[in-house]
Amino acid sequence: MNAAAPSPATPHAGGLVIDVRGLNKRFGDKHVVNDVSLQVRAGEIFGFLGPNGSGKTTCIRLMCGLLTPDGGSGTCLGYDILRDSARIKREVGYMTQRFSYWEDLTIRENLDFVARMYGLPDRRQAVDSALEDLGLATRSSQLAGALSGGWKQRMALAACLLHRPRLLLLDEPTAGVDPTARRDFWETLHQLASQGISVLVSTHYMDEAERCHKLAYLSYGRLLAQGTAEEIIAGEGLATWSVRGADLTALARELREAPGVAQTVAFGAALHVSGSDAALLERTLREAAAGRPLALEPVATSLEDVFIHMMRRSDDNYGSPA
Ligand SMILES: Nc1ncnc2c1ncn2[C@@H]1O[C@H](COP(=O)(O)OP(=O)(O)O)[C@@H](O)[C@H]1O
Ligand SMILES: [Mg+2]
């Protein structure tokens, strides 16, 4: 791919394209973003994880100057998020959570419209190269409304690359997109990152989380972890065993109440059983397996195990009863 080259560099400290501290946002009496500090380095693909309603979209809007925080400060592309929001909005590529282009215009017409909004000097050329870069050239005359989810997302990505941003903020870009199209989309993100374009991307998909250089996990507006997948897994301090055998559903029910077991998660034909006290967990599992045809095996704790654990912890701490 011959993707858009980044626009001329603006100064920003320490190679950070996003550097925000202590962000807070309330809507009425709801504390939606609670003391969030987050750093994204240039060229990084930074994954933003968290359940629905955890504050991901609000955080993204605070970081690109679309919303004003109640507290906190920081920079995006070196610009102050409080004072320079107009610059930020112009220089980032923001793909909103809902598809927001014109269904009754063709791909080319949509991109041309966006190029016009940005006042791009050589519109025709900008649109042509975006079509080419995103593999949309042969479909340019198709109506946006007739495209599959995957092609719509590709068009939306092309639109937010037209003005050659150095930072992309992608809010659940692959929600509802089929697995093959999701894989292709991620290949494109990695190509963009290799050209120095930074990407902050929110997602629900665990396989996508694993494709990010760094991750942050948000729950009830609080950032529970930030770092590489390895750092986040190590930080949670869980031991995990895989258990195979008959009637794992009943076993899971039994184990959940047992000493040393923090959680059980069904993983295909196996049950992942995790706990913070490795020795106690092992003892419990060995006792449960005594006289029963269960196969026990210690396994590496996965990102999914860790995110489930974090979500439970924060439900206990901040969650209101359903
Ligand atoms: N403009 C708004 N006014 C009132 N409440 C809002 C507004 N935007 C978001 N919220 C609330 O803030 C919480 C977090 O929303 P959001 O940032 O969209 O989370 P996520 O993107 O993680 O699903 C939700 O409870 C949502 O209902
Ligand atoms: Mg959202």
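Ligands are counted one by one from 1 in listed order, and the atoms in each one are counted from 1 as well.
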Next on the checklist: What's the separation between atom OG in S202 and atom CG in L218, rounded to the nearest 0.5 Å?
Outcome noted: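 Reported value, rounded in 0.5 Å steps: 10.5 Å.
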Next on the checklist: Could you measure the distance from the CD atom of Q153 to the CG atom of L170? Nearest 0.5 Å is fine.
Outcome noted: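 The CG atom of L170 is 9.5 Å from CD of Q153, to the nearest 0.5 Å.
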Next on the checklist: Checking contacts here: is it the side chain or the backbone of P51 that comes within 4.0 Å of ligand 1, counting heavy atoms only? Could be both or neither.
Outcome noted: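 Backbone only.
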Are [X] and [Y] ion-paired here, with the side-chain N under 4.0 Å from a carboxylate O?
{"X": "D112", "Y": "R123", "value": "yes"}
{"X": "E109", "Y": "R116", "value": "no"}
{"X": "R182", "Y": "D207", "value": "yes"}
{"X": "R87", "Y": "D84", "value": "no"}

Checklist entry - Can you name the one residue among T57, V32, L67, T68 that meets side chain to side chain contact (heavy atoms under 4.5 Å, CB included) with L62? => result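 Of T57, V32, L67, T68, side chain to side chain contact (heavy atoms under 4.5 Å, CB included) with L62 is met by L67 alone.
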Please list the nearest protein heavy atom to [atom] with its residue and the distance rounded to 0.1 Å.
{"atom": "atom 18 (O) of ligand 1", "result": "T57 CB, 3.6 Å"}
{"atom": "atom 19 (O) of ligand 1", "result": "G55 N, 3.1 Å"}
{"atom": "atom 23 (O) of ligand 1", "result": "G53 N, 2.7 Å"}
{"atom": "atom 16 (P) of ligand 1", "result": "T58 OG1, 3.7 Å"}

Checklist entry - Any idea how W102 and F113 line up, ring-wise: parallel (<30°), tilted (30 to 60°), or perpendicular (>60°)? => result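 It falls in the tilted class, 30° to 60°.
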Could you say whether the N/O atoms of [X] and ligand 1 ever approach to under 3.5 Å?
{"X": "V32", "answer": "no"}
{"X": "K56", "answer": "yes"}
{"X": "F27", "answer": "no"}

Item to check | Angular separation of OG1 (T57) and OE1 (Q97) seen from the Mg ion (ligand 2), to 10° | outcome: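 It rounds to 80°.
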Interfacing atoms of ligand 1 (cut-off 4.0 Å, heavy-atom, [X]):
{"X": "S54", "result": "19 (O), 20 (P), 22 (O)"}
{"X": "K30", "result": "25 (O), 27 (O)"}
{"X": "N52", "result": "23 (O)"}

